[in-house]
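Before any comments, here is the structure.
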There are 2 protein chains.
Amino acid sequence: MTTNTPWLDRRQLRAWIRLRAMLELLPGTLDTQLRHDVDLTEFEYTALAMLSEAPGRTMRMTGLAQRTNATLPRLSHVVARLEKRGLVERFPCPENRRATNARLTEAGWAKVLQAAPGHVATVRRHVIDVLTDEQLDQLTAIGDAVLASLDPSGKGAVFYTHYDDEQTGPAS
Amino acid sequence: MTTNTPWLDRRQLRAWIRLRAMLELLPGTLDTQLRHDVDLTEFEYTALAMLSEAPGRTMRMTGLAQRTNATLPRLSHVVARLEKRGLVERFPCPENRRATNARLTEAGWAKVLQAAPGHVATVRRHVIDVLTDEQLDQLTAIGDAVLASLDPSGKGAVFYTHYDDEQTGPAS
DNA sequence: CCGGAATGGTTGTAGCTACAAGTTTGCTGG
DNA sequence: CCAGCAAACTTGTAGCTACAACCATTCCGG
């Protein structure tokens, strides 16, 4: 820890500058579109979307937090707000009395249906449609490497790899 | 705008999920390290670092905002806080009386020196060192494509391409 | 040379996130 | 069977960002 940290060479710096710029600019762009069109944050949308795909449109808070890459306090606040807006409802989990389930309401489902097309269009416009199929796969590989370093336990990976290939069994 | 937005296929979804996860997790990781070690945000660090590389360690607010991918209001607030901490000082720009210059103080310079190694180490650990040289170049290309779609005017590109190749002249 | 638009900034405020505590329920060893 | 620790949340609060408003300069056409 006494230093000896090599500086970044030009190639590395070049890549890092792009990544940092994306990190700074993309969230704002996505948020702006969603807020303007349907009054949702990208994070709120993601939470609702995850619920909409879950069996019974219901998930436990912890599970939802993992899928949305959020901390539990953050999710708790967000769900509380969504509940006030009538898009989600919470109820104690039957099997585990310290757990809480979040369920998408009908209004929440309608909201997802309303929000999805615009959001997908934005993601397409700024990300998907400007990349080649090859680049999409490269991005996937890069993401896997980076995310593995961020989450060595690999808890999140369960979800990342969920869409990789339906045939393959769970990660060994 | 009447819909007709194709949904994402598996390959596209796969890549997008990784990118979204990075968008969500990376900033927090970088912020946490910097805040813990030197009480700085990644954004604050970037601002200070940009100033430290500028001639006279001085930049106009607008220019600094562009390099840090920030809006002017945001930068204004941040610089105000940095000024209170004695890391930066502001003074009216001589050539343009409506403009403001921000200059790194000695304390600010010391702060950058103190912060840089740890931050670079973190960036290395989670990004640079987990990718191959090939992947770094791929990331650069992907970043260029995405950023171009976010900023069609290409104002930011001036900076992105600054490190690409010292030999090449300014973009045509 | 003057009225309006554009440039360059600052400030106020609402809303979201991170961090730190606190609470309840479940688990485990002795 | 119970002490203590862990799991699963919720809540309080400080701090940062976005958005909107505002003010001061500068530029530009007629």
Side-chain angles (χ1 to χ4, degrees), chain A residues 23-37 39-47 58-85 88-103 153 155, chain B residues 23-37 39-47 58-85 88-103 153 155:
Chain A
L23 256 39
E24 201 63 63
L25 297 177
L26 257 181
T29 301
L30 300 175
D31 277 349
T32 297
Q33 179 265 320
L34 275 173
R35 174 148 337 165
H36 180 268
D37 289 1
D39 194 34
L40 283 178
T41 298
E42 213 259 338
F43 181 76
E44 291 171 333
Y45 170 82
T46 303
T58 302
M59 275 196 223
R60 289 186 33 184
M61 292 294 283
T62 299
L64 187 54
Q66 269 180 214
R67 265 178 179 48
T68 54
N69 302 299
T71 58
L72 213 36
R74 180 185 179 187
L75 183 67
S76 186
H77 281 131
V78 170
V79 169
R81 290 192 297 263
L82 292 175
E83 193 170 32
K84 257 172 210 136
R85 296 171 63 180
V88 164
E89 51 191 359
R90 279 186 287 191
F91 61 94
C93 175
E95 301 108 351
N96 191 337
R97 284 198 301 168
R98 60 192 160 166
T100 305
N101 278 333
R103 179 168 48 207
S153 75
K155 286 180 189 169
Chain B
L23 256 39
E24 201 64 61
L25 297 177
L26 256 181
T29 302
L30 301 175
D31 276 348
T32 298
Q33 178 266 320
L34 275 172
R35 173 149 336 167
H36 180 267
D37 289 1
D39 194 36
L40 283 178
T41 297
E42 213 258 337
F43 180 76
E44 291 172 333
Y45 170 81
T46 303
T58 302
M59 275 196 226
R60 291 193 24 192
M61 293 293 283
T62 298
L64 188 54
Q66 270 182 214
R67 264 180 181 48
T68 55
N69 302 302
T71 58
L72 214 35
R74 179 184 178 189
L75 183 67
S76 187
H77 280 132
V78 170
V79 169
R81 290 193 296 262
L82 292 174
E83 193 171 30
K84 258 172 209 138
R85 295 171 64 181
V88 164
E89 51 192 0
R90 277 186 288 191
F91 61 96
C93 175
E95 301 109 347
N96 191 337
R97 284 197 302 169
R98 61 193 160 170
T100 305
N101 278 331
R103 180 168 47 208
S153 72
K155 288 179 186 169

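Model, not experiment: these values are computed from the prediction. Computed from heavy atoms alone, side chains included, the values below leave out hydrogens, waters and symmetry copies. First the proteins, then the strands, lettered A, B, ... as listed; each starts at 1.
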May I have the distance from [X] (atom [atom1]) to [N] (atom [atom2]), rounded to whole angstrom?
X	N	atom1	atom2	result
E95(A)	dT25(C)	CD	P	16 Å
E24(B)	dT17(C)	CD	C1'	10 Å
L82(B)	dC16(D)	CG	C1'	12 Å
F43(A)	dG15(C)	CZ	C1'	15 Å
Y45(B)	dC16(D)	OH	P	19 Å
L72(A)	dA20(C)	CG	P	16 Å
L75(B)	dT10(C)	CG	P	8 Å
M61(B)	dT7(C)	CE	P	18 Å

Measuring to OP1 and OP2 of [N], would you say a side-chain N or O of [X] lies under 4.0 angstrom away?
X	N	answer
T32(A)	dC19(D)	yes
R35(B)	dA18(C)	no
R98(A)	dT23(C)	no
R81(B)	dG15(D)	no
R97(A)	dG26(C)	yes
T100(A)	dT10(D)	yes

Exercise. Ion pair present between E24(A) and R74(B), side-chain N to carboxylate O less than 4.0 angstrom?
Worked result: yes
Exercise. If you look at every strand shown and take non-hydrogen atoms under 4.0 Å, does D31(A) touch a base, only sugar-phosphate, or nothing?
Worked result: nothing
For this session: Answer with yes or no whether R74(B) presents, from its side chain, a donor or acceptor under 3.5 Å of a partner atom in the base of dA18(D).
Result: no
Exercise. Taking the nucleotide of DNA chain D with the closest heavy atom to each, which residue, C93(A) or P73(B), is nearer the 5' end?
Worked result: C93(A)
For this session: Nearest-nucleotide wise, let me know which of H77(A) and R60(A) is further upstream toward the 5' end of DNA chain D.
Result: R60(A)
Exercise. Any sub-3.5 Å donor-acceptor pair from D31(A)'s side-chain atoms to E42(A)'s backbone N or O?
Worked result: yes
For this session: Calculate, to the nearest 0.5 Å, the distance between atoms CG and OG1 belonging to L34(A) and T29(A) respectively.
Result: 11.5 Å
Seminar exercise, completed: Closest heavy-atom pair, R60(B) versus N96(B), reported as atoms and distance to 0.1 Å, is NH2-ND2, 4.1 Å
For this session: Please examine the side chains of L75(B) and R67(B), heavy atoms only from C-beta on, and report whether any two atoms are closer than 4.5 Å.
Result: no
